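Both ligands and their constituent atoms are indexed starting at 1 by order of listing. From a predicted model like this one, the values you see are computed outputs, not experimental measurements.
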Amino acid sequence: MKSIVVLVSGSGSNLQAIIDNCNIKYINAEIKCVISNNPGAYALQRANSANIDNIAINHKDYLSRDEFDNELIRILDDLSPDLIVLAGFMRILTEKLTKKFIGKIINIHPSLLPKYPGLNTHQEVIKNRDIIHGVSIHYVTSELDCGPLIAQGEIKTKTFDDINSLVDRIHKIEHLMYPEIIKYICEDKISLNSNQVKFKNIKTKDYIIYNKYEI
Ligand code: GRF
């Protein structure tokens with residue numbers, strides 16, 4: 001069985017979806033540990049309730065990004081997971097860390113990348129009156145929100161959408177897609193090879209998994 005470490009900073013609804021799907025064995029993996037840079041993250045309470053080891057390393061206790069990442073690398077080396085899942089982890093990782101764990105770290109981002117890397121994606125969608133919005137799941141490289149894409153999920157925006165309704169609908173598809181992709185990775189059906197995502201027996205569209213949702 002594969003082992004997973006989940007990195008979080010906030011509410012952890014994606015973490016919860018991963019926990020639930022491990023519990024029902026949809027994902028054949030064990031969450032070894034949940035790590036947060038924010039000691040107050042509700043995600044840590046979710047880990048506690050599920051009896052999952054969890055660690056808070058407050059980035060404010062470190063003088064530099066490098067020092068924080070060195071500690072994170074030390075912990076990750078110790079845990080030696082098969083997969084590191086960023087689930088609302090709001091820290092930019094240093095190249096040292098991303099290079100060390102290349103092919104082992106994935107992230108979920110609330111936009112159809114390459115549109116809107118970084119923060120405030122829903123605001124951008126509303127401001128630009130985009131007719132579609134969505135989520136992207138990708139391998140993590142040193143460039144923020146730019147690693148090789150694994151999957152995207154698309155929704156149509158509605159005229160009455162505001163930030164809350166978009167957050168809500170985007171979360172719904174995240175909770176479906178992230179567990180699905182983690183399941184495939186844990187079954188060795190998705191991997192990263194020479195910076196290219198390889199799929200085994202999975203239907204893709206233009207080399208990524210692309211789902212359209214009516215939500
Ligand atoms: C999600 O929308 C994810 O795409 C982004 O941060 C949010 C985390 O939400 N990276 P939650 O903490 O999992 O509820």
Side-chain angles (χ1 to χ4, degrees), residues 4-23 26-27 31 33-50 52 54-59 72 83-93 97-98 105-126 130 132-155 157 161-183 185 208-211 213 215:
I4 301 176
V5 168
V6 186
L7 269 56
V8 292
S9 299
S11 151
S13 66
N14 279 285
L15 168 69
Q16 191 64 54
I18 300 164
I19 292 173
D20 294 344
N21 280 286
C22 286
N23 284 345
Y26 174 72
I27 300 172
I31 304 175
C33 190
V34 172
I35 303 173
S36 179
N37 65 306
N38 168 16
Y42 182 61
L44 292 174
Q45 289 186 42
R46 295 184 193 264
N48 272 330
S49 308
I52 296 169
N54 54 88
I55 302 172
I57 35 168
N58 192 342
H59 62 273
L72 193 52
L83 181 65
I84 300 162
V85 175
L86 308 187
F89 185 66
M90 304 304 283
R91 292 285 301 167
I92 295 173
L93 296 167
L97 192 148
T98 54
I105 316 185
I106 58 169
N107 182 41
I108 189 159
H109 181 77
S111 81
L112 291 170
L113 292 169
K115 253 192 162 181
Y116 312 138
L119 298 172
N120 304 324
T121 60
H122 310 300
Q123 285 90 328
E124 290 296 316
V125 165
I126 291 170
D130 290 351
I132 57 168
H133 187 22
V135 311
S136 302
I137 299 170
H138 63 94
Y139 280 101
V140 172
T141 57
S142 51
E143 272 177 275
L144 181 69
D145 300 327
C146 273
L149 280 174
I150 303 169
Q152 290 189 314
E154 175 192 302
I155 56 168
T157 55
D161 263 323
D162 58 15
I163 296 206
N164 288 337
S165 67
L166 285 182
V167 167
D168 192 48
R169 284 160 61 227
I170 286 294
H171 263 139
K172 283 199 175 104
I173 62 173
E174 289 186 336
H175 301 163
L176 295 171
M177 283 195 88
Y178 219 12
E180 184 186 355
I181 298 307
I182 293 167
K183 169 191 168 70
I185 294 173
I208 66 164
I209 295 171
Y210 199 94
N211 296 339
Y213 293 92
I215 286 183

protein heavy-atom neighbour closest to atom 12 (O) of ligand 1 works out as G12 N, 2.8 Å

ask   = Looking just at side-chain N and O atoms, do S165 and D161 make a donor-acceptor pair shorter than 3.5 Å?
value = yes

Out of S13, G88, P110, the nearest non-hydrogen contact to atom 14 (O) of ligand 1 is supplied by S13

Subject >> Exercise: do D20 and Q16 side chains pair donor with acceptor under 3.5 Å >> reply: yes

Ligand 1 atoms nearer than 4.0 angstrom to some heavy atom of E174 are 1 (C), 2 (O), 3 (C), 4 (O)

Looking only at side chains, do H133 and S111 share a donor and an acceptor under 3.5 Å apart? no

of all protein heavy atoms, closest to atom 9 (O) of ligand 1 is H171 NE2, 3.1 Å

Under a heavy-atom criterion of less than 4.0 Å, does M90 contact ligand 1? no

- request: Consider only side-chain N and O atoms of N37 and S9, and report whether a donor and an acceptor are under 3.5 Å apart.
  value: yes

Run the contact test for I108 against ligand 1 with a 4.0 Å cut-off on heavy atoms, strictly below, and give the result. yes

On a heavy-atom basis, the closest approach of T141 and G147 is OG1-CA, 3.5 Å

